Each structure stands twice: as structure tokens, then as C-alpha cells.
Colleague: 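Handing you a structure now.
Bear in mind the structure is a predicted one, so any value in this text is a computation, not a measurement.
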Amino acid sequence: MPGTPGFDPVEIPTRTLVHALVRPDGSVDTGELYTVAGVLGMTDQQVRLCIKRLVAEGRFTHRGRGRKAVLSASEATLRTLEPNVEFVRYAFRQDRGLEPWDGAWRLVAFAIPESARSARDALRDAILRLGGAPLHGGLYVSANEWTELISAEAYRLGVSDAVTLLTSRDLRIGALERPPALAAHLWPLAELAERYHKLIEITRTRLARLESTDAFDDVELLTIGVELTVEFGRAMEPDPLLPPELLPNPWPGRQARDLLSRAWAAVIDRDHTDATRRLYRLYEDTNRP
């Protein structure tokens, strides 16, 4: 997979590329899709098969033929693709010391019967997505305030009566009671750090390229934008966004977001046609107070 010339490639599945190129109106220009896919080392056949699968799944509709066709994302697809900007904004606020930890652990417990298995699985997935860590069967913990988010999800799933929420400043697991030690035990910090180190490496090389010359065409800028966006999502998605007080210092997540902000600014400065703006438009103000 060639990717940005001269750099180690970013692994980007074809489906992820299609998602990354969805415009604000929900459309995908297939001519642009095929061009960027080619730069990333994907074959036309690979792209065609991916489009066929996405249409068959009802995630997109297809109008036109070949490179002049237009894909349109379904409403369900748009909902799943819309990044949670508030979480990204929260991460940048943490980096600036604007979200200090209050020392409290938030816990949620649920006992949902097998007859409501789908709701039980959906609630568990939501808890994990919000950064919860399992303590015991049906009992999860977070260091961040999530009461309203969990309550809303439980209500949506119709299982509010089976959910208990509580807050405690005392948490002990075996002999562990110091908050940083508990965090290291409950969350895979080494794996998260590795993801951020990879994002740092990829961002640093692209940023050096962006700062070294203004000679960019739309395709190269778009390719860099896709690579940075995909790798950022890959690092951020599993991150529970623990308070800095619970993390090793220095924490690579902060360094990665600082570098990424510089890279986004460099892309903005060189993007005279808004070819890449849709990739970062929702994040443009996340690193500002």
C-alpha cells in the first residue's frame, strides 16, 4: 500500500476509506474515491467490490456508473459515522488541564435477564465504548462523569429499572488502592500508549512534509488527510480518556494531539479548494478553549 510518497503506509481498509470520503451532504464522489484508493494501493476491483457490499447492506445507495457515479449514505450510516466531537473536545480540554479529576469513581451495575439479551449486550457495549472497565460480572467503573450518558442509553434500551449508578471515592481491588495503580490494572494503558506512539510517528512525518513545501495537489493533501484521520480514530476509539492524574507522565496521547493539531493547521493552510476540510471540519475548534 503506497500511501503518502516516501512514508510508511497507514493501513486503511477500503470500507474505511469510503467512510472517510463521505461529504457533509452524505455523498461520496466515486471518481475521487477511485483516485485516492489508487494512491493508497487499492485496485479498482477492490473498490468496486466494496461499493457492491455497502450497497447490498443498505448502507449506501448508488447512482450513475464508474467514476462518475455518486454514493449516498443512509441515515443509519451517517449516524454511525458522525464522530463524537464532544469526546475529542474533552480530550483536548484534559490536555490543557481544564478537566481536573475530582477523585471520584463512577460505577454502574446491571442485572438484565436473558429474555432481554440484545438490550443487555447493547448496554454493555455502550458502557465499554464510554470507557468503562469491568470489575465483576455486570459491574463497571469509570473515572469520568458518565451518569447522564449511561442513563440515557439505559432509557433508550428500555432497561432503566435494571441499572444502578453510584459514585465512590473508595475503590480497592485486592491490595491495589492508589488511583494510578488501579487505572493501570483496569485499563490497557500500554496498548493505548502504543497506538498513540504510532500516531505520533505517522503525524510527525506527514507534518514534516507539510511544513517543507507548498507544492501539494488535491490528491496528496486528501491522502494525507485520510491517513491522519484514520490513524487518529484508531488511537482515540479505545481510549477511555482517563484523567491525567491517573496516567503516566508524560502521556503520549497529549503529544499526539498536539502534533495532530499542528498537522491539521498545516493542511488547512494548504487546502485552497476545501478538498480535505470535510475530514477535519468537526474537529476544527476542538483544541481551542
Side-chain angles (χ1 to χ4, degrees), residues 84-114 116-197 199 233-257 286:
N84 197 322
V85 184
E86 290 307 314
F87 288 153
V88 178
R89 181 172 287 112
Y90 185 75
F92 278 105
R93 286 179 58 81
Q94 284 182 320
D95 294 342
R96 296 194 301 272
L98 300 177
E99 296 288 348
W101 190 41
D102 61 4
W105 300 98
R106 276 76 181 183
L107 297 99
V108 58
F110 59 86
I112 302 173
E114 182 67 20
R117 181 176 180 177
S118 60
R120 182 184 64 197
D121 293 346
L123 180 62
R124 182 184 62 244
D125 291 345
I127 290 171
L128 295 174
R129 188 172 63 252
L130 290 170
L135 290 172
H136 298 287
L139 178 62
Y140 295 80
V141 63
S142 171
N144 292 317
E145 175 54 63
W146 66 356
T147 302
E148 294 304 319
L149 294 172
I150 296 294
S151 296
E153 189 66 15
Y155 178 81
R156 186 185 71 82
L157 294 168
V159 294
S160 296
D161 291 345
V163 175
T164 299
L165 292 154
L166 61 148
T167 300
S168 175
R169 293 182 178 275
D170 297 312
L171 180 64
R172 179 180 296 182
I173 302 175
L176 298 176
E177 57 181 332
R178 292 184 58 252
L182 287 167
H185 174 76
L186 289 166
W187 286 277
L189 299 188
E191 178 185 331
L192 294 169
E194 184 178 348
R195 287 174 179 263
Y196 278 119
H197 283 305
L199 176 59
R234 196 169 278 148
M236 279 287 293
E237 184 177 355
D239 189 348
L241 300 181
L242 296 174
E245 294 88 343
L246 302 182
L247 294 169
N249 188 19
W251 177 244
R254 177 175 182 174
Q255 182 184 358
R257 286 185 286 270
T286 52

Colleague: State the CG-CD1 distance between L135 and I173, to the nearest 0.5 angstrom.
Modeller: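 Between L135 CG and I173 CD1, I get 5.5 Å after rounding to 0.5 Å.
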Colleague: Mind checking the CG-CG spacing from L192 to L247? Nearest 0.5 Å is all I need.
Modeller: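 Those atoms lie 9.0 Å apart.
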Colleague: Do you know the tightest heavy-atom contact between P244 and Q94?
Modeller: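 Heavy atoms of P244 and Q94 come nearest at CG-O, 3.8 Å.
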Colleague: Donor-acceptor pair, E99 side chain versus R93 backbone, under 3.5 Å?
Modeller: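 Pair absent, no side-chain N/O of E99 close to backbone of R93.
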Colleague: Considering non-hydrogen atoms only, spot the tightest contact between P240 and N144 and give its length.
Modeller: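 Nearest heavy atoms, P240 then N144: O-ND2, 3.3 Å.
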Colleague: Would you mind reporting whether M236 and V88 have side-chain heavy atoms less than 4.5 Å apart?
Modeller: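 Yes - at least one pair of side-chain heavy atoms lies under 4.5 Å apart.
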Colleague: Between W187 (side chain only) and G131 (backbone N and O only), is there a donor and an acceptor less than 3.5 Å apart?
Modeller: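 Checked: pair present.
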Colleague: Salt bridge between E237 and R129, side-chain N to carboxylate O under 4.0 Å?
Modeller: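 No salt bridge links E237 with R129.
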Colleague: What is the minimum heavy-atom distance between A235 and P238, and which atoms define it?
Modeller: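 Looking at all heavy atoms of both residues, the shortest contact is O-CD, 3.4 Å.
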Colleague: Check whether any side-chain heavy atom of P248 lies under 4.5 Å from a side-chain heavy atom of L189, and answer yes or no.
Modeller: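 Answer yes - side chains close enough.
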Colleague: Which pair of non-hydrogen atoms, one from L157 and one from A119, has the smallest distance, and what is that distance?
Modeller: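 Minimum heavy-atom separation between L157 and A119: CD1-O, 3.7 Å.
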Colleague: Tell me, do F110 and L123 make a side-chain contact under 4.5 Å, heavy atoms counted?
Modeller: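 F110 reaches L123 side chain to side chain.
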Colleague: Measure the shortest side-chain to side-chain distance between L107 and T167 over non-hydrogen atoms and say whether it is less than 4.5 angstrom.
Modeller: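 The answer is no; the side chains never approach within 4.5 Å.
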Colleague: side-chain hydrogen bond (donor to acceptor under 3.5 Å, both in side chains), that's the test. Do Y196 and R257 meet it? Break it down for me.
Modeller: CA-CA 9 Å; Y196 278 119; R257 286 185 286 270; 3.1 Å; yes
Colleague: Would you call V108 and T164 a side-chain contact if the rule is heavy atoms closer than 4.5 Å?
Modeller: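 With C-beta onward as the side chain, the pair stays apart.
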Colleague: Heavy atoms only: give me the nearest L182-E177 pair and the separation to one decimal.
Modeller: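 Shortest heavy-atom separation between L182 and E177 comes out as CD1-O, 3.6 Å.
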Colleague: Between the main-chain N or O of D95 and the side-chain N or O of R254, is there a donor-acceptor pair closer than 3.5 Å?
Modeller: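 Side chain of R254 to backbone of D95: a pair is present.
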Colleague: Side chains of L171 and P179: does their closest heavy-atom pair fall under 4.5 Å?
Modeller: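 A side-chain contact is absent here, since even the closest heavy-atom pair is not under 4.5 Å.
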Colleague: With a sphere of 6.0 Å drawn around CD of E145, does it hold more than 12 non-hydrogen atoms of other residues, nucleotides or ligands?
Modeller: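 Counting neighbours around CD of E145, more than 12 heavy atoms of other residues, nucleotides or ligands fall under 6.0 Å, so yes.
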Colleague: Is there a side-chain contact between P100 and E245 in this structure, where contact means two heavy atoms from C-beta onward sitting under 4.5 Å apart?
Modeller: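 Answer yes - side chains close enough.
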Colleague: Without swapping roles, check the side chain of R195 against the backbone of R234 for a donor-acceptor pair under 3.5 Å.
Modeller: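 Here the side-chain-to-backbone pair exists.
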Colleague: If I compare all heavy atoms of D239 with all of L241, which pair ends up nearest, and what's the gap?
Modeller: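 Taking every non-hydrogen atom into account, OD1-N, 2.8 Å.
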Colleague: Return the CG to OG distance between L128 and S142, rounded to the nearest 0.5 Å.
Modeller: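 Rounded to the nearest 0.5 Å, the CG-OG separation comes out at 11.0 Å.
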Colleague: Got a donor-acceptor contact below 3.5 angstrom from the W146 side chain to the L130 backbone?
Modeller: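 Such a contact is absent between W146 side chain and L130 backbone.
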Colleague: With a 4.5 Å cut-off on side-chain heavy atoms, are W251 and L242 touching?
Modeller: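 No - every pair of side-chain heavy atoms lies 4.5 Å or more apart.
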Colleague: I'd like to know if the side chain of E153 and the backbone of A126 have a donor-acceptor N/O pair within less than 3.5 Å.
Modeller: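 No, the answer is negative, given that no donor and acceptor are paired below the 3.5 Å cut-off.
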Colleague: Once you round to the nearest 0.5 Å, how far does OG of S160 lie from OH of Y155?
Modeller: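 Reported value, rounded in 0.5 Å steps: 7.5 Å.
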Colleague: Is it the case that the side chain of R106 and the backbone of A104 share a donor-acceptor pair, with hydrogens and angles ignored and the cut-off at 3.5 Å?
Modeller: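 Checking the backbone N and O of A104 against the side chain of R106, a donor-acceptor pair under 3.5 Å is found.
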